[in-house]
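As the structure lists them, so they are numbered: ligands from 1, and atoms in each ligand from 1. Keep in mind that this is a model prediction, so the values were computed, not measured.
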Amino acid sequence: MTDTKTYTLIDGRKVATEIKQEIRLKVAERKLAGKKIPHLAFILVGDDGASQTYVDNKVKACKEAGFHYTMMRFADTISEEKLSKHITHVNNDEDVDGFIVQLPLPPHISVERITDKIRPDKDVDGFTNRNFGSIISKVPLLMPATPFGVMELLRRYDIKTEGKHCVVVGASRIAGAPLSMMLVEQGRATVTICNKYTENLEQYTRNADILLVAVGKPGLITAEMVKEGAVVIDIGTTKVDDPSKPNGFSIKGDVDFKSVAPKTSFITPVPGGVGPMTIASLLLNTLRATELRHP
Ligand code: GUN
C-alpha cells in the first residue's frame with residue numbers, strides 16, 4: 001500500500017505578500033490623509049554577501065510598501081565609537097521612524113553595546129532589552145521581528161499552540177529566546193528550550209507537537225528526530241557555497257526538509273518560509289513606530 005499522507009507547506013512568501021499588501025493600503029491611506037510616510041533606515045557594515053542580499057530584500061519590500069528608506073553603508077574597518085555616533089545621529093533624526101543595524105557585525109564591534117544604543121521606539125528589529133521585555137509587558141512597544149513573524153504564520157495557518165508542547169531549538173537573542181517567551185505568553189504553550197549544550201537533543205525534539213528550530217546548522221534535524229504529525233518551523237538561515245547560483249551561495253535551513261517533510265502535518269521551507277515573514281514584521285513594526293510618533 002502506498003502512503004498517501006500529505007503535509008501542508010507553510011507558504012511564508014504568500015502570507016508575507018498579504019501582509020505587505022495590507023501595509024501598502026495603510027500607507028496609501030496615511031498619504032491621502034496628509035500623514036507622515038514611514039521612513040526606515042538601514043545600517044550595513046562590511047560587504048558580507050548574505051547580509052547584502054537580506055538588506056536588498058528589505059529595501060525592495062520598503063519600496064513596494066511605499067515607505068521612504070535610507071541606506072547607510074560603512075567599511076568593516078569602522079570603529080565601534082564611530083558606528084555608535086552614527087547610531088546616535090539616526091536616533092535623533094526626526095524623519096527616521098525606525099532603523100536596523102544588519103548583523104553580523106565585524107568581530108571588533110560588540111553587538112550587545114551597539115544594539116543597546118538603538119532607541120527602543122525606533123528599534124524595528126525588536127532587539128533591545130526594552131523590546132525583549134515588551135513580550136511580557138502590559139504595554140508592548142515593538143515585537144522582536146523574527147518571532148513575531150513566526151507567531152503570525154502559526155495564526156494565519158490556524159495552528160493552535162494553547163496547551164501544546166512546543167520545543168524551541170536555539171536560544172539566541174534574535175530568535176529562540178524571544179520566540180519561547182511569545183509561545184508561552186501569547187501562545188499559552190508548554191515550552192521546552194534546547195540550546196547547544198542540550199544532551200540527547202532528539203529526546204526533546206521527538207516529543208514536540210510543534211518543533212521550532214533556530215540554530216544555523218544545516219541538516220541538524222533529521223526524520224528520526226521528529227514525531228509523526230508534528231508541525232515543523234525552520235528558522236535557520238545558513239549561507240552555503242553554491243556555484244549554480246548567480247551570487248555563488250544559497251540559503252539552507254536547519255531541517256533536512258526532504259526526509260522530515262513527509263512525517264509532518266505542516267512545515268516551512270527554506271527559503272520561502274520564515275524569512276519573508278521577518279521582512280513583513282519589520283515593515284509592520286516600522287508602520288507601528290510611525291503611528292506611535294505621528295498618530
Ligand atoms: N541578521 C540576520 N537576521 C537579521 C535580522 O533579522 N535583523 C538584523 N538586523 N540582522 C540580521
Side-chain angles (χ1 to χ4, degrees), residues 12 16 19-20 40-62 69-74 76 78 83-84 86-87 90-91 96-107 109-120 122-132 135 142-153 170-179 182 212-218 233-240 249-254 268 270-286 289:
I19 293 172
K20 286 190 281 187
L40 175 56
F42 301 93
I43 295 182
L44 179 59
V45 181
D47 50 12
D48 176 71
S51 290
Q52 181 65 62
T53 305
Y54 295 143
V55 171
D56 286 348
N57 288 337
K58 292 172 188 177
V59 166
K60 185 166 163 269
C62 265
Y69 71 93
T70 303
M71 181 74 217
M72 284 168 264
R73 297 170 150 281
F74 301 100
D76 61 3
I78 190 170
L83 186 59
S84 294
H86 284 290
I87 288 171
V90 186
N91 276 341
V96 173
D97 300 295
F99 70 101
I100 68 156
V101 179
Q102 185 66 27
L103 303 180
L105 291 171
I109 299 178
S110 156
V111 171
E112 192 152 11
R113 278 195 297 267
I114 286 296
T115 303
D116 222 34
K117 291 253 157 29
I118 301 173
R119 238 174 86 161
K122 290 192 178 189
D123 167 31
V124 286
D125 261 328
F127 283 176
T128 56
N129 290 329
R130 166 69 176 85
N131 285 323
F132 186 60
I135 297 168
L142 298 167
M143 287 288 131
T146 297
F148 184 25
V150 171
M151 296 301 288
E152 194 57 29
L153 264 189
S172 72
R173 270 300 299 264
I174 296 186
L179 177 58
M182 278 191 197
L212 309 103
V213 196
V215 174
K217 274 196 188 163
I233 307 291
D234 190 348
I235 306 156
T237 48
T238 304
K239 186 180 137 188
V240 176
F249 65 86
S250 55
I251 300 296
K252 296 271 180 233
D254 291 335
T268 55
V270 175
V274 173
M277 290 301 292
T278 297
I279 298 185
S281 303
L282 187 68
L283 297 183
L284 275 175
N285 273 347
T286 307

Per-residue contact class, Phe127 against ligand 1 - non-hydrogen pairs under 4.0 Å: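 For Phe127, only side-chain atoms sit under 4.0 Å from ligand 1.
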Residue portion contacting ligand 1 (non-hydrogen atoms closer than 4.0 Å) for Leu103: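 Both the backbone and the side chain of Leu103 come within reach of ligand 1.
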Residue that, paired with Leu103, satisfies side-chain contact (heavy atoms from CB on, under 4.5 Å) out of Val45, Asp48, Val111: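 Among the candidates, only Val111 passes.
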side-chain contact (heavy atoms from CB on, under 4.5 Å) partner of Val90, chosen from Thr70, Val96, Ile118: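 That would be Val96.
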Side-chain touch Tyr54/Ile279, heavy atoms, less than 4.5 angstrom: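 Sidechains of Ile279 and Tyr54: no contact.
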Those atoms of ligand 1 less than 4.0 Å from some heavy atom in Val101: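 Taking each heavy atom of Val101 in turn, ligand 1 has 8 (C), 9 (N) under 4.0 Å.
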More than 12 heavy atoms of other groups within 6.0 Å of Tyr69 OH: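 Count not over threshold, so no.
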Check: Gln102 N/O within less than 3.5 Å of ligand 1 N/O: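 Checking ligand 1 against Gln102, an N or O pair does fall under 3.5 Å apart.
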Contact (N/O only, under 3.5 Å) between Tyr54 and ligand 1: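 Such a contact does not occur with ligand 1.
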Closest heavy-atom pair and its distance - Ala289, Val124: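 Here Ala289 and Val124 meet closest at CB-CG1, 4.3 Å.
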Nearest neighbour in protein (non-hydrogen) for atom 8 (C) of ligand 1: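 Checked against all protein heavy atoms, atom 8 (C) of ligand 1 sits closest to Asp125 OD2, 3.4 Å.
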